[in-house]
**Q** 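If you scroll down you'll find the structure; I have some questions about it.
Each chain gets a letter, A, B and so on, in the order its sequence line appears, and its residues count up from 1. Atoms considered below: every heavy atom in the structure, side chains included; atoms not considered: hydrogens, waters and symmetry mates.
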Protein chains: 2
Amino acid sequence: MQKSSINSFMEERMTLVALAERTGLSVTTISRVLSGQAEKYRISPKTVEYIKQEADRCNYRPNVMAQSLRTKRTRTIGLVVPAISNPFFANIASAIVQKARELGYTVILSDAMEDAEQEEEGVRSLLLRHVDGIIVSTSAEQPAFLEQVNESAVPVVLIDRYFAETTLPYVVTDNYSGALEAVSHLINRGHQRVACICGVRHSAIVQERMRGYVDAMQRAGLERFVHCVGDEFSVQNGYIEAKLLLNSNPLPTALFTMNNTILLGAIKAIKESGLRIPEDISVVSFDDNPFLDYISPAITRIVQPQNELGSIALRILIRSIEENERSDARIKLSPILKLCDSVALYDK
Amino acid sequence: MQKSSINSFMEERMTLVALAERTGLSVTTISRVLSGQAEKYRISPKTVEYIKQEADRCNYRPNVMAQSLRTKRTRTIGLVVPAISNPFFANIASAIVQKARELGYTVILSDAMEDAEQEEEGVRSLLLRHVDGIIVSTSAEQPAFLEQVNESAVPVVLIDRYFAETTLPYVVTDNYSGALEAVSHLINRGHQRVACICGVRHSAIVQERMRGYVDAMQRAGLERFVHCVGDEFSVQNGYIEAKLLLNSNPLPTALFTMNNTILLGAIKAIKESGLRIPEDISVVSFDDNPFLDYISPAITRIVQPQNELGSIALRILIRSIEENERSDARIKLSPILKLCDSVALYDK
DNA sequence: AATCTTTGCGCAATCGTTTGTGCAAAGATA
DNA sequence: TATCTTTGCACAAACGATTGCGCAAAGATT
């Protein structure tokens, strides 16, 4: 037991050739048996049995590089995220890594640091590694590069951050309806001056969330109060923009922040200004996170189905790889509004 | 520009053979030039120049599988963490991925789900992929398996979660002094009944943190109040143990939680019981996290140098790989106590 | 002019698989 | 018995690089 595991490292790595010598059969036959092609090539059951026995007596493991070199398949996928330190992406990564393992794939992680150039560099590096496919939550403004990759190299599936106009398949949250619901909730609770702090504007998810925000405001006849600020998914952006909002006059009575990092910055600004949530200002945000339940107060938020995002994206990618075709799936999963304590009734 | 990037995917992949035909030189020579061995083999400067030009005119990129097959090196490392969804590990992963990219390595991520068997399976899978080395924050009780890997397969470096008795190199936080400082802080603020909620007891970091806790108590003559509970790094464990502590009599006046997940559970329990932090009970925890500044109140905590942990571990690993020797580094980095608002003066 | 060095590069084996094709032996058919 | 199928496996060429050794031509030495 322990022994065999030791041996699997220490003995010179078993190869097909060695196995061939040991059994007196040809490399070809052994390869066929071990790769499950036995009856396709009519290897006799007796031989099959024999080979299998010897193979695991010797603890044979195929050399993946040699396999890949021949087959052009690595059973490896790339995952590119804007920032693995962001819990939202860490959770998605977690789901994908799990699922991939079950399916016999391993994942190479690439962190783009919210930067389009680093993302591109990362993707190129993945291609050099001959990944079979790539899942990316993009930091880019334009789909062109990734579309090229998808068309002429390996399948690409977008997750969360995507492009509105693209041939690439994606699986994302329904950002529009999420934002609509969140902002409507604020409005239903009596808020009118609802300000919105955005992430990078070129991002489709930002545009959708903005659209949801604006529509909610318009439906309530509040278009004159529509106020979008900010242009980055960062704590700092959230902080600065909230700071400015809190110095404006009249004050907004509620804030809609577009993700968890912006939220953090906004909370910091609010705390600094001595205002209280939700007594003085209400807050709803996009993105879930265990910590948000422990913040003071627990933040009402749009919860995205992180696990499903990950596992569906992976499923699409793997199918695409194994059927060797490009998917055109466009999947929008519904988020849910988690009501917590950061929204107060506003009865002006 | 755009053109060339397209071509790099679309054209049939350039190979040394193709390049040889194009230039009229031999594959050997080209290989030598492109792998920087030109003057070692006395290739004339003129030829070198010519080859380099043609190579990048044709956008040549070596096939990594073929390279690895020959050289037995993949320029790939494995990273095994107990849970990538834990922000602590996500941050470490972020640092490692960054640094690795700079050094020309890519990283394969494996998530052990806090489980020793999954960790082992993950490591085996990494070995099948022929990673050049592995960084692991271990979920195992025993060093045996990883030591075997280190001795007879590829270099292994432990990070954060390590073993006290092991031949493996590690880079960790000085858990003892961190805990000592944290608990001393509580004691200096007048606390006596300081309870401690632990992670898995077999873990060296837990033992060190416990030792720090116990020593701090003893130095203050408080050994009779030493009280360690819990046995898991999970929100649930923190919740349950805190729940129990809060039902005990007399109540502890302060809690020392061993990591961020335990902390969350404890906070939940405290909130549920209607107690306030720090008025009714003080809290200090191990692990940093941006969110902890926004929790109510901001949690006083031991901040570990996550980036350094990651980058130093990687540096050790890479050196080990490139020098082809096993390191025996045992590095302990000092954490710092970040004073926030979760500790009150206790004047009994 | 004969020998020795140095310069500049190529031959061919090798890494460990996969796979199209081929070919004997055994069995079936007539 | 001659021919045709089927059964069961092997040969050898890829995949795309690296590398020990060898060897001709040019230059240096005596």
Side-chain angles (χ1 to χ4, degrees), chain A residues 8 11-52 54-55 58-76 127-130 132, chain B residues 8 11-52 54-55 58-76 104 127-130 132 324:
Chain A
S8 68
E11 284 177 9
E12 275 314 288
R13 205 58 177 287
M14 250 301 147
T15 71
L16 283 188
V17 176
L19 223 40
E21 282 168 5
R22 235 168 159 288
T23 59
L25 292 163
S26 79
V27 174
T28 307
T29 302
I30 310 215
S31 168
R32 285 176 172 147
V33 167
L34 297 179
S35 60
Q37 314 239 58
E39 76 270 5
K40 175 177 169 192
Y41 286 98
R42 301 173 314 224
I43 314 296
S44 72
K46 210 170 58 182
T47 309
V48 169
E49 198 43 41
Y50 176 46
I51 290 179
K52 283 186 174 169
E54 284 309 298
C58 301
N59 218 296
Y60 169 78
R61 295 281 177 274
N63 180 309
V64 293
M65 273 116 50
Q67 283 183 316
S68 301
L69 185 57
R70 261 309 301 230
T71 63
K72 315 273 187 208
R73 300 269 316 279
T74 55
R75 296 192 77 77
T76 285
L127 292 178
L128 286 184
R129 296 279 178 204
H130 293 261
D132 292 338
Chain B
S8 66
E11 283 177 10
E12 275 316 288
R13 205 58 178 286
M14 249 301 148
T15 71
L16 283 188
V17 176
L19 223 41
E21 282 168 6
R22 235 168 160 288
T23 58
L25 292 161
S26 79
V27 175
T28 306
T29 302
I30 310 218
S31 169
R32 283 173 174 149
V33 168
L34 297 180
S35 60
Q37 314 239 59
E39 76 268 8
K40 174 178 169 193
Y41 287 98
R42 300 172 315 223
I43 314 295
S44 72
K46 208 169 61 181
T47 309
V48 170
E49 197 44 42
Y50 177 45
I51 291 180
K52 284 188 173 168
E54 284 309 298
C58 299
N59 217 296
Y60 170 78
R61 296 282 176 275
N63 180 310
V64 291
M65 273 115 49
Q67 282 183 317
S68 301
L69 186 56
R70 262 308 303 229
T71 62
K72 315 272 187 211
R73 299 269 318 277
T74 56
R75 297 191 77 78
T76 285
L127 292 178
L128 286 184
R129 297 278 177 204
H130 294 260
D132 291 340
N324 192 30

**Q** For the side chain of S31(B) and the backbone of V27(B), is there at least one donor-acceptor N/O pair under 3.5 Å apart?
**A** no
**Q** Which angle, to the nearest 10 degrees, lies between the helix axes at the two ends of the helix from dA1(C)-dT30(D) to dA30(C)-dT1(D), each defined by five pairs?
**A** 60°
**Q** Which heavy atom of R75(B) sits nearest a heavy atom of D132(B), and at what distance?
**A** N-OD2, 2.6 Å
**Q** Indicate, with a heavy-atom threshold strictly under 4.0 Å, whether S68(B) touches base, sugar-phosphate, or nothing.
**A** nothing
**Q** Donor-acceptor pair, distance only, cut-off 3.5 Å: does the side chain of R61(A) make one with the backbone of L128(B)?
**A** no
**Q** State the CZ-CG distance between R73(B) and N324(B), to the nearest 0.5 angstrom.
**A** 8.5 Å
**Q** Could you report the tightest heavy-atom contact between S26(B) and A20(B), atom names first, then the distance?
**A** C-CB, 4.1 Å
**Q** Could you tell me how far apart K46(B) (NZ) and dG8(C) (C1') are, to the nearest whole angstrom?
**A** 11 Å
**Q** So which atom in I43(B) and which in V48(B) form the shortest heavy-atom distance, rounded to 0.1 Å?
**A** O-CG2, 3.9 Å
**Q** Indicate yes or no for a side-chain donor-acceptor contact from T23(B) to the backbone of L19(B) under 3.5 Å, with no hydrogens or angles considered.
**A** yes
**Q** Looking only at non-hydrogen atoms, find the nearest pair between C58(B) and R22(B) and report the distance.
**A** SG-NE, 3.4 Å
**Q** So which protein N/O to nucleotides 15-18 of chain C N/O distances come out below 3.5 Å?
**A**
{"from": "dC15(C)", "atom 1": "O3'", "to": "K72(B)", "atom 2": "NZ", "distance (Å)": "3.0"}
{"from": "dG16(C)", "atom 1": "OP1", "to": "K72(B)", "atom 2": "NZ", "distance (Å)": "3.4"}
{"from": "dT17(C)", "atom 1": "OP1", "to": "Y60(A)", "atom 2": "OH", "distance (Å)": "3.0"}
{"from": "dT17(C)", "atom 1": "OP1", "to": "N63(A)", "atom 2": "N", "distance (Å)": "3.2"}
{"from": "dT17(C)", "atom 1": "OP2", "to": "L16(A)", "atom 2": "N", "distance (Å)": "2.7"}
{"from": "dT17(C)", "atom 1": "O5'", "to": "Y60(A)", "atom 2": "OH", "distance (Å)": "2.9"}
{"from": "dT18(C)", "atom 1": "OP1", "to": "Q67(A)", "atom 2": "NE2", "distance (Å)": "3.1"}
{"from": "dT18(C)", "atom 1": "OP2", "to": "S31(A)", "atom 2": "OG", "distance (Å)": "2.6"}
{"from": "dT18(C)", "atom 1": "O2", "to": "R70(A)", "atom 2": "NH1", "distance (Å)": "2.3"}
{"from": "dT18(C)", "atom 1": "O2", "to": "R70(A)", "atom 2": "NH2", "distance (Å)": "3.3"}

**Q** Any sub-3.5 Å donor-acceptor pair from T74(B)'s side-chain atoms to H130(B)'s backbone N or O?
**A** yes
**Q** Does anyone know the first and last nucleotide of DNA chain D in reach of chain B, 5' to 3', at under 4.0 angstrom to a heavy atom?
**A** dG16(D) to dC21(D)
**Q** Identify, between T29(A) and V48(B), the residue whose nearest nucleotide on DNA chain C lies closer to the 5' end.
**A** V48(B)
**Q** Which heavy atom of Y50(A) sits nearest a heavy atom of L25(A), and at what distance?
**A** CD2-CD1, 4.2 Å
